[in-house]
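Input: a single structure, listed below in structure tokens.
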Amino acid sequence: MGKLRKKHNWKGRQQSDPQQPADQEKTDVVVELQDGGRLKGVDESNALVLPANKTKKKKVSVTSVSTKRPLTKKQRKELQKVLERKEKKAQRADILTKLAEVQLPESELKLLYTTSKLGTGDKLYQTKMLSDEIKDGDTGPKISSVSGANRKRKWKEDEEEEEQKAEESSDLDTSSDEEEEKDEETNETTEMIESKETISPCLEDKQEVKGEQNKTEQDGQNEKKISDPEKIQNKTPSEPAVFVPVDRSPEIQEARLKLPVLAEEQVIMEAVRENPCVVICGETGSGKTTQVPQFLYEAGYASGSGIIGITEPRRVAAVSMSHRVAKEMNLPTQVVSYQIRYEGNVTSDTKIKFMTDGVLLKEIQKDFLLQRYSAIIIDEAHERSVYTDILIGLLSRIVPLRNKKGMPMKLLVMSATLRVEDFTDNTKLFRTPPPVIKVDARQFPVTIHFNKRTPLEDYTGEVFQKTCKIHRMLPPGGILVFLTGQAEVHSLCRRLRKAFPFRKGNTTTGVDEEADTSEAMRKFKKAKQKKTVVFRPPPPGTRLCVVATNVAETSLTIPGIKYVVDCGRVKKRFYDRVTGVSSFKVTWTSQASANQRAGRAGRTEPGHCYRLYSSAVFGDFSLFSEAEITRRPVEDLVLQMKDLNIDKVVNFPFPTSPSAEALVAAEQLLVSLGALKEPPRTGRVKDIERARLSCPITPLGRAMASFPVAPRYAKMLALGKQQDCLPYVIAVVAAMTVREIFEDLDRPAGSEDESSKLTQRRARLTQMRRLWAGQGASLLLGDLMVMLGAVGACEFAGCTPKFCEENGLRYKAMVEIRRLRGQLTNAVNAVCPEVGAFVNPKMTPPTEHQVFCLRQIVLAGLGDHLARRVQAEDILDPKWKNGYKTPLMDEPVFIHPSSALFKTLPEFVVYQEIMETTKMYMKGLSAVEAEWVPQLLPQYCHFGSPLESPSPWLCSSTGTVRCHRSSTFCKFSKANTVTMF
DNA sequence: GAGCACTGC
């Protein structure tokens with residue numbers, strides 16, 4: 001209130017200032033004005049006594065009575081006003097010319113446009129929509145929705161804006177330094193509203209306008225009905241506007257103001273207030289991840305019982321963003337917190353919670369309505385990670401449900417690209433398309449240079465040539481090279497090093513490579529996490545050249561990059577839906593990713609991107625890369641959904657749906673594992689078909705769904721309690737879940753010294769693998785025994801980096817296994833408390849009997865991954881020697897040379913995966929006894945009639961007749977039946 | 001006898 005009063009008639013008060021310098025050109029008036037004493041007296045009284053409208057009337061007379069007669073008090077006052085106005089005009093002209101000198105370029109100016117209106121009560125979100133519609137030529141009903149008084153108000157504002165330029169010089173003061181004052185302004189207005197929380201004419205007025213807009217938009221009515229307070233209440237519940245103050249440091253405040261997203265605060269918040277779901281598009285560098293949660297916080301979305309949740313696709317991002325936002329807001333980590341798979345600092349005081357997408361998915365399992373949250377932000381939705389997609393699908397249902405229950409929740413989907421049609425144009429997902437708000441990024445122009453011809457063979461050679469050329473010919477600035485794999489990165493680095501050996505003091509040809517190995521990358525990521533280093537600047541006289549794979553596209557930002565060399569290719573994992581075989585292939589990248597790569601050159605200054613392919617080839621690239629969910633098996637996702645009682649997964653509102661085959665395959669696998677009820681096999685074909693895709697979950701499936709691992713491994717955990725095998729099963733499952741536990745020692749060495757070291761380490765690892773594989777019975781557990789041995793030994797030694805380094809184990813993987821073991825142990829105890837599982841760091845190797853039992857448990861989980869050695873008589877080709885037959889492939893598969901069973905060649909094996917390289921290789925093997933198959937995998941077997949020989953016999957102990965039957969191992973459908981034995 | 005980009009619960 002105090003501020004309001006202070007503002008009242010403030011212009012009038014300003015007039016009493018007697019210190020205005022005289023205008024030399026207007027002599028007649030000057031004389032009068034120099035009589036300061038009298039004037040002062042006159043003014044003092046007038047300012048307080050004279051009514052404003054009277055002065056206005058006299059305004060006209062001033063011009064006519066302008067000559068020599070002594071002026072009346074009123075005239076003098078008028079004159080002074082004119083003078084002041086002129087004076088201000090002159091000042092303004094001066095300021096304008098000065099401003100013009102420091103005028104921002106058009107592009108940057110656009111970013112600032114809306115800041116000048118912050119907190120003025122202007123509805124920017126509506127205005128924006130309007131102008132967009134006009135641009136599209138759509139002058140339909142939506143425009144007329146801003147009708148009557150509201151439209152008038154808008155016109156008036158537009159007019160006023162022009163008038164202001166001519167008349168209201170005082171406005172200039174605020175606009176000239178609006179950037180600094182902007183936040184103050186916001187505070188002021190919102191404080192005003194806050195202080196009138198109970199009944200304030202100002203607030204009511206504002207809401208009435210809003211109610212009006214909503215109403216007219218929806219049913220085409222106008223003012224008359226709008227004044228009906230009940231209706232307004234129905235449409236827009238009258239809630240007090242909230243502003244939660246945040247105590248930011250001046251430095252933070254200053255840095256924030258430079259972020260483009262800040263200019264859109266009001267647009268975003270208005271959209272959020274008026275829509276349950278909002279999509280925000282803003283490229284990296286727009287500041288959306290750090291600022292949008294703060295907008296929501298300041299608007300009171302964390303003031304009640306609910307909190308604000310933000311999901312990230314990567315753990316590092318969740319942790320570092322929570323720290324950064326806490327720092328920006330000057331709040332402790334108990335309030336701005338994070339939660340990732342194994343750790344978190346969430347407390348009962350948490351108001352803003354950053355988490356990985358999987359964490360939120362797990363939370364939905366516990367509380368479908370997510371009642372703790374008042375708003376959820378899905379960040380990096382453009383990456384289309386499977387969990388992000390599932391989350392958006394789920395939230396599209398949760399949000400309306402929450403609204404229906406009177407506990408409204410907001411959903412914000414944030415994407416770095418404009419490809420949001422999968423979210424907005426998908427009526428299955430959102431019946432009314434959510435509004436899309438575009439935020440510009442702070443980005444310098446990047447000049448794109450296409451090759452005239454596209455090298456198809458030796459593109460790495462072309463990359464080398466181009467990199468050398470840039471280094472020799474072009475001004476300073478870092479080079480970032482995109483290649484597809486580790487081998488290419490190594491090879492290019494070697495060639496560059498050879499071409500430009502680093503010499504101290506060499507100013508022309510020094511190339512300093514920083515990230516030429518995966519370890520360097522890892523070190524860098526670690527450093528990034530700790531916020532200690534970024535990249536260390538290159539020594540003087542050298543140029544930074546970073547050779548990287550895709551990681552540099554999204555996961556890390558390297559400062560000082562001016563040139564990007566893009567080979568246009570990417571290595572992707574492919575997965576054969578029918579056979580389940582994985583492979584890695586190099587393919588063309590997408591236009592979106594090529595642009596993302598180019599963007600890396602314009603972070604700190606204008607840059608150049610050299611695309612080593614023609615513009616025609618670029619035109620042939622797909623616009624975006626496909627969503628992950630369409631390229632991988634989905635049994636884990638289907639199980640999670642079934643656990644949420646979504647039986648008909650085909651009907652789930654996926655932003656992009658997985659293929660029908662993938663869904664059927666997932667459901668069949670889950671039925672085989674006993675996680676889903678078997679569908680009826682008889683009845684009408686249509687009904688059978690439908691039932692196959694809507695099998696309900698079983699109690700075993702519920703238990704499996706609570707284990708955060710793939711369903712095959714979850715099944716092993718569910719069976720693990722027999723024979724005290726659980727600790728071993730947990731360790732094996734943890735090791736199988738974490739990829740690549742052994743270090744890649746086959747990489748080419750950079751120097752002779754490194755080469756001999758690598759040879760030494762390789763020998764040591766081979767020796768250790770042999771040791772961990774054990775002897776006799778344990779050997780048959782195969783690669784899983786090696787994993788178990790490695791985990792046991794590493795844990796026994798305290799899981800130190802030194803032990804890992806010495807024994808060829810990836811330290812990061814071992815730490816992950818250690819944490820996963822802990823998590824799985826807890827999960828198992830939660831389902832089955834009587835087992836009392838615990839993690840024993842001094843785990844003894846399993847007994848012979850336990851190994852036997854473990855092999856059976858593994859078979860039960862990997863039943864569909866059974867392979868039988870090709871019989872001698874079936875070897876049609878010499879290449880088939882040592883081959884194995886699987887149910888789904890005609891061609892044989894082979895045991896990978898790194899496997900512990902490579903030389904053993906058991907009759908039956910189960911495998912973790914088949915990877916196609918030079919051959920089809922099975923990895924992660926374990927040997928299986930033939931007689932276990934019909935016993936443990938009856939669901940895959942078809943039994944023949946009793947055999948006559950050996951003849952049936954009476955089992956005296958059980959009193960039953962026993963017999964031999966032939967059995968056929970088959971998988972899934974009869975069409976795929978394959979006789980295994 | 002090998003040759004794998006990146007992630008999340």
Side-chain angles (χ1 to χ4, degrees), chain A residues 311-318 339-344 355-366 378-380 383-391 482-491 518 521-522 525 548-556 567 569-575 582-587 589 593 625 628-629 631-632 636-637 639-640 643 704-711 713-714 734 737-740 742-748 762 766 810 812 816 819-820 823-824 826-827 881-882 894-899 902-903 913 915-923:
Chain A
T311 72
E312 294 290 334
R314 278 170 290 279
R315 292 181 200 159
V316 196
Q339 179 68 52
I340 57 171
R341 184 165 186 157
Y342 306 112
E343 55 175 79
M355 64 200 127
T356 35
D357 42 19
V359 167
L360 189 64
L361 196 59
K362 280 277 160 191
E363 284 189 25
I364 293 180
Q365 265 182 338
K366 291 188 194 107
I378 307 286
D379 198 15
E380 314 279 12
E383 287 190 24
R384 305 298 306 275
S385 83
V386 280
Y387 290 155
T388 297
D389 270 19
I390 302 281
L391 275 178
F482 282 101
L483 285 172
T484 66
Q486 232 187 75
E488 284 175 9
V489 170
H490 276 116
S491 127
S518 56
M521 223 26 127
R522 276 203 287 276
K525 278 199 219 165
T549 59
N550 263 355
V551 258
E553 224 174 81
T554 48
S555 303
L556 33 118
C567 73
R569 290 153 173 95
V570 67
K571 191 181 275 172
K572 267 193 201 162
R573 191 189 180 112
F574 282 81
Y575 185 83
S582 302
S583 56
F584 281 90
K585 280 177 192 145
V586 173
T587 62
T589 180
S593 349
S625 14
E628 188 196 353
I629 203 164
R631 329 186 345 103
R632 90 202 241 312
D636 51 342
L637 307 174
L639 181 60
Q640 296 302 319
D643 191 48
M704 284 165 61
S706 75
F707 303 141
V709 287
Y713 304 156
T737 300
V738 175
R739 289 155 297 259
E740 304 300 324
F742 300 106
E743 228 183 283
D744 174 26
L745 299 173
D746 292 328
R747 62 167 189 264
R762 261 198 295 271
T766 314
R810 269 184 57 222
K812 215 182 141 192
E816 183 80 12
R819 296 165 117 189
L820 186 52
Q823 197 191 23
L824 294 178
N826 290 337
K881 201 185 152 208
N882 299 336
F894 299 87
I895 294 181
H896 194 271
S898 69
S899 171
F902 181 61
K903 285 181 183 151
E913 60 167 355
M915 179 70 75
E916 185 180 6
T917 52
T918 50
K919 273 181 177 177
M920 302 267 208
Y921 283 113
M922 296 183 282
K923 296 178 108 177

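Nothing here was measured: the structure is a model prediction, and the numbers come from that model. Lettering of chains follows the sequences in order, A, B, ..., and the numbering in each one begins at 1.
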Provide, to the nearest angstrom, the distance between the [atom1] atom belonging to [X] and the [atom2] atom belonging to [N].
X        : N     : atom1 : atom2 : answer
A:Gln823 : B:dC9 : CD    : P     : 8 Å
A:Leu820 : B:dG8 : CG    : P     : 13 Å
A:Met355 : B:dT7 : CE    : C1'   : 18 Å
A:Arg762 : B:dA2 : CZ    : P     : 15 Å
A:Lys366 : B:dC9 : NZ    : P     : 12 Å
A:Asp357 : B:dC6 : CG    : C1'   : 14 Å
A:Arg314 : B:dA5 : CZ    : P     : 18 Å
A:Arg739 : B:dT7 : CZ    : P     : 9 Å

Between [options], which nucleotide gets closest to the side-chain atoms of [X]?
X        : options             : result
A:Ile340 : B:dG8, B:dC9, B:dG1 : B:dC9
A:Arg632 : B:dC9, B:dG8, B:dG1 : B:dG8
A:Tyr921 : B:dG8, B:dA5, B:dG1 : B:dG1
A:Thr549 : B:dC6, B:dC9, B:dT7 : B:dC6
A:Pro897 : B:dA2, B:dG8, B:dC9 : B:dA2
A:Arg573 : B:dC9, B:dA5, B:dG8 : B:dA5
A:His896 : B:dC9, B:dG8, B:dG3 : B:dG3
A:Tyr387 : B:dG1, B:dC9, B:dT7 : B:dC9

Answer with base, sugar-phosphate or nothing: what part of the nucleic acid does [X] contact at a heavy-atom distance below 4.0 Å?
X        : answer
A:Thr918 : sugar-phosphate
A:Glu740 : base
A:Val570 : nothing
A:Thr356 : sugar-phosphate
A:Gln640 : nothing

Using only heavy-atom distances, decide whether a donor-acceptor pair under 3.5 angstrom links the side-chain of A:Arg384 to the base of B:dT7.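 Such a pair does not exist between side chain and base.
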[N], OP1 or OP2 - any side-chain N/O from [X] closer than 4.0 Å?
X        : N     : value
A:Thr917 : B:dG3 : yes
A:Arg315 : B:dC9 : yes
A:Lys571 : B:dA5 : yes

Which residues share a ring pair (Phe, Tyr, Trp, His ring centres under 6.0 Å) with A:Phe742, sequence neighbours left out: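 Ring pair (Phe, Tyr, Trp, His ring centres under 6.0 Å) list for A:Phe742, sorted by chain: empty.
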Keeping A:Gln339 on the side-chain end and A:Met355 on the backbone end, is there a donor-acceptor pair under 3.5 Å?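 The answer is no, because no donor-acceptor pair under 3.5 Å joins these two groups.
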Under a 4.0 Å N-O cut-off, is there an ion pair linking A:Glu488 with A:Lys571?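 Judged by the 4.0 Å cut-off on N to carboxylate O distance, A:Glu488 and A:Lys571 do not form a salt bridge.
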Taking side-chain hydrogen bond (donor to acceptor under 3.5 Å, both in side chains) as the definition, give me every residue that meets it alongside A:Thr356, ordered by chain and number, with sequence neighbours left out.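 Result, side-chain hydrogen bond (donor to acceptor under 3.5 Å, both in side chains) vs A:Thr356: none returned.
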Looking at every heavy atom in both A:Thr549 and A:Gln486, which two are closest together, and how far apart are they?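 Closest pair (atom of A:Thr549, atom of A:Gln486, distance): CG2-N, 4.5 Å.
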Identify, between A:Phe902 and A:Met915, the residue whose nearest nucleotide on DNA chain B lies closer to the 5' end.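 Closer to the 5' end of DNA chain B: A:Phe902.
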Intermediate values then yes/no, side-chain contact (heavy atoms from CB on, under 4.5 Å), A:Val570 and A:Ser593: CA-CA 10 Å; A:Val570 67; A:Ser593 349; over 6 Å; no
